[in-house]
Every structure is written in C-alpha cells, then in structure tokens.
Amino acid sequence: MFKQRVVFVHGDGSFGAAAWPKQHGMALEYDALFLRRHGFDAVAEPLETNFTADAAIVLASLADDGRGEAGGHVVAHSQGAIAAMMAAVERPDLVQSLTLVEPACLSLTAELPATAAHRALMQPLFDVRHNLSDDDFQREFIRRAFSADAPGATTPEALRAAHRLRLQAPPWEAPLQIVPGVPTLVLTGGWEPLYEEIAGYLRETGALHRTAAGGHRPQDSTDGDRAIRSFIAEVSRLQHARAS
C-alpha cells in the first residue's frame, strides 16, 4: 500500500525521531522520515550551521527513492523551518505542504519590531560566541531567549548539545527572502511575540495560523499534534480530489 511521505525537520535541541515524540504514530498512516540536520549526530562532533546543506537534506528526503513517487509533506520546528522553506522555494513541486512550528524565519521579518528587538538582544551574544565556553554560551543563550536558567551540562550528550548550540548561526542570517507558494500551516505556542510576529507575516502571505499550548514546542500538546495531522490530512484530501 502506497503511503505519502511526511518529512520532519527538527530545531536546535533534540533531533531525529526524538524531536517529535507526539508524531511517531503518524508512521502508521504515512511514510514518515525524521531527519537529522547538518552537524547533528549522536556520536560525531557537532558542525557549524550550513543552511544550504540543511535544505539539501530536506530535498534529498523528498526524492523518488524507489517508492514510485517524489515529493511529500514537510513539518519543521524552529530553525528547521529555515531549511524547509528554502527547500520549498527551490523545489515547490516536491513540497506538497509546509507545517512550520514556531518558525525561526527571522530573515523575513527583520524590519518588524519584535524581530528587531530579539536581534538587538541576541546579536551581542552571537558576536562573542567563539570567545565563550560552551557552557557559558548555553547559559546566556537560554537566559536571553527564554528568561530561564540552564542546568549545567554533565553527560556526554548534554556536553555535545551545548557545543552544538554555540556553533549554530543566528537565524536572521539565513538566505530567506521570499515565501514559497505551497499550502502552509504555521503553529505557534502563543507565548512569545517574536513567533507570533513571524506567524502574522506568513499569514498575510496566505498561510493558515493556529496556536496551541506548549510554549516553544506546541507540537507536543494534544491540540498541536491534532492541528498538524488535520492539516496534512486535509491537504492530502484536496490534492487527491483534484487529481481524480
């Protein structure tokens, strides 16, 4: 039985299937792929951000790899939304829909107030990140971005994650200038003006916007998970109806 492909693109924290615990069950209905972006590996040393490489990973996952059809739906969280949008701009024929969860697409809203304020807060930290230890950068990043305290990294996995965080490029440097013309859902947690501003911008370009509880991870809530599944199912239904 043929299953439509759904590709999941993680943000800055967990990666692969671990980043999408509520969506594991979608593999029963879809050909679900849980990607690892460039530099994210459980064993290998982390690498600096490469937006182009991330987009290439997304596009490769949408190729016809023997399943008889290319393309699929793309679900992306936070900085992973950059790669998803870049892929959709480059190959809109492969991206049947985009679901962007708390998308860190700050390049698109650089001139808007919440984005400008966020960049003014975070840019000084990114300017000195190569002069800081991983632990110091992580602690200050979380304090500025989430107004929270970061626990010190002690396990090998946590130490690697702190190193990886320091290597991530600021999202406002991503080469995003236009919005792809594909069916798009933006899901936000309703907690942070920055992401609501980005969602508002995308809504004005034709995206559907939904909010769900869960802070920066609304996909982990029941309502957020339902919104993702319902959107993909509806887009699939409409595309099938047009094709028949």
Side-chain angles (χ1 to χ4, degrees), residues 8-13 19-20 37 49 51 54-55 58 73-89 92 95 97-127 129 140-148 150 165 168-221 223-228 230-232 235:
F8 294 88
V9 191
H10 62 87
D12 286 339
W20 303 94
R37 288 168 41 220
T49 299
F51 296 117
D54 284 345
V58 175
H73 304 274
V74 180
V75 183
H77 177 226
S78 192
Q79 192 156 330
I82 295 170
M85 290 192 70
M86 288 176 63
V89 168
V95 180
S97 75
L98 278 175
T99 299
L100 307 176
V101 184
E102 294 260 304
C105 301
L106 281 69
S107 304
L108 297 175
T109 55
E111 305 304 319
L112 299 182
T115 302
H118 178 79
R119 179 171 179 175
L121 176 67
M122 302 300 291
Q123 183 73 64
L125 178 60
F126 278 98
D127 287 344
R129 64 186 171 127
E140 187 60 18
F141 180 92
I142 291 177
R143 187 186 70 80
R144 294 186 186 212
F146 300 105
S147 299
L165 179 64
Q168 298 307 295
W172 53 83
E173 293 183 356
L176 274 180
Q177 287 83 36
I178 59 174
V179 177
V182 301
T184 301
L185 167 69
V186 183
L187 177 65
T188 58
W191 66 286
E192 166 57 55
L194 172 69
Y195 296 108
E196 301 308 309
E197 182 175 81
I198 295 169
Y201 177 92
L202 293 170
R203 185 176 61 245
E204 290 179 1
T205 67
L208 180 67
H209 179 209
R210 294 287 183 265
T211 59
H216 190 47
R217 292 188 57 86
Q219 70 269 38
D220 292 346
S221 70
D223 288 344
D225 179 50
R226 184 185 301 116
I228 293 171
S230 298
F231 175 71
I232 293 175
V235 171

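None of these values were measured; they are calculated from a predicted model.
- Rounding to the nearest 0.5 Å places CE of Met86 at 11.0 Å from CD1 of Ile178.
- Closest non-hydrogen pair, Ala169 versus Phe126, comes out as C-CE2, 4.2 Å.
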Inset, instruction - In sequence, state the C-alpha distance, the side-chain angles, and the governing distance for Leu187 and Leu100, and then conclude on side chain to side chain contact (heavy atoms under 4.5 Å, CB included). - result: CA-CA 6 Å; Leu187 177 65; Leu100 307 176; over 6 Å; no

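- When side chains are defined from C-beta on, Val9 counts as touching Val74, because their heavy atoms get closer than 4.5 Å.
- Atoms CG and OG1, from Leu108 and Thr115 in turn, are 9.0 Å apart once rounded to the nearest 0.5 Å.
- With contacts defined as side-chain heavy-atom distances shorter than 4.5 Å, the pair Glu102/Trp191 qualifies.
- Shown here are the side-chain hydrogen bond (donor to acceptor under 3.5 Å, both in side chains) partners of Thr184, two or more places apart in sequence or in another chain: there are none.
- Two residues are said to be in side-chain contact when any heavy atoms from C-beta on lie closer than 4.5 Å; Arg129 and Glu140 fail this criterion.
- Between Glu197 and Pro193 the shortest side-chain heavy-atom distance does not fall below 4.5 Å.
- Closest of all the heavy-atom pairs between Leu185 and Ala227 is CD2-O, 3.7 Å.
- The shortest heavy-atom contact between Gly11 and Ser78 is CA-CB, 4.1 Å.
- Separation of atoms CZ (Arg217) and CG (Asp220) is listed at 4.0 Å; rounding is to 0.5 Å.
- Nearest heavy-atom pair across Ser107 and Trp172 is OG-O, 3.3 Å.
- The line from CZ of Arg119 to CG of Leu194 is 13.0 Å long, rounded to the nearest 0.5 Å.
- Note that the CD atom of Gln168 and the CG atom of Asp12 stand 5.0 Å from one another [nearest 0.5 Å].
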Inset, instruction - Evaluate the side chain to side chain contact (heavy atoms under 4.5 Å, CB included) criterion for residues Ile82 and Leu176: first the C-alpha distance (whole Å), next the side-chain angles of each, then the deciding distance (0.1 Å), finally the verdict. - result: CA-CA 7 Å; Ile82 295 170; Leu176 274 180; 4.3 Å; yes

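- Among all heavy-atom pairs drawn from Pro218 and Val101, the shortest one is CG-CG1, 3.6 Å.
- For Glu173, the side-chain hydrogen bond (donor to acceptor under 3.5 Å, both in side chains) criterion is met by no residue, not counting sequence neighbours.
- Side-chain contact between His73 and Pro183 is absent, with no heavy-atom pair separated by less than 4.5 Å.
- Taking the side chain as every heavy atom from C-beta outward, Met85 and Leu202 approach each other to under 4.5 Å.
- Under the side-chain hydrogen bond (donor to acceptor under 3.5 Å, both in side chains) criterion, Glu196 pairs with Thr188, not counting sequence neighbours.
- Taking all atoms of both residues into account, the shortest heavy-atom contact from Ala199 to Val186 is CB-CG1, 3.7 Å.
- Side-chain contact between Glu192 and Phe146 is absent, with no heavy-atom pair separated by less than 4.5 Å.
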Inset, instruction - Show the numbers, then the answer: is there a side chain to side chain contact (heavy atoms under 4.5 Å, CB included) between His77 and His10? - result: CA-CA 5 Å; His77 177 226; His10 62 87; 5.9 Å; no

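- Put simply, the side chain of Ile228 reaches to within 4.5 Å of the side chain of Gln219, judged on heavy atoms.
- Relative ring orientation between Phe8 and Trp20 is described as tilted, the plane-to-plane angle lying within the 30° to 60° band.
- The closest donor-acceptor contact from the side chain of Ser221 to the backbone of Gly224 lies under 3.5 Å.
- Separation of atoms OG (Ser97) and CG (Leu208) is listed at 11.5 Å; rounding is to 0.5 Å.
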Legend entry - Pair His216-Tyr195, ring-ring contact (aromatic ring centres under 6.0 Å, His included): steps then yes or no: CA-CA 9 Å; His216 190 47; Tyr195 296 108; 5.0 Å; yes

Inset, instruction - Could you walk me through whether Tyr201 and Val179 pass side chain to side chain contact (heavy atoms under 4.5 Å, CB included), step by step? - result: CA-CA 10 Å; Tyr201 177 92; Val179 177; 4.0 Å; yes

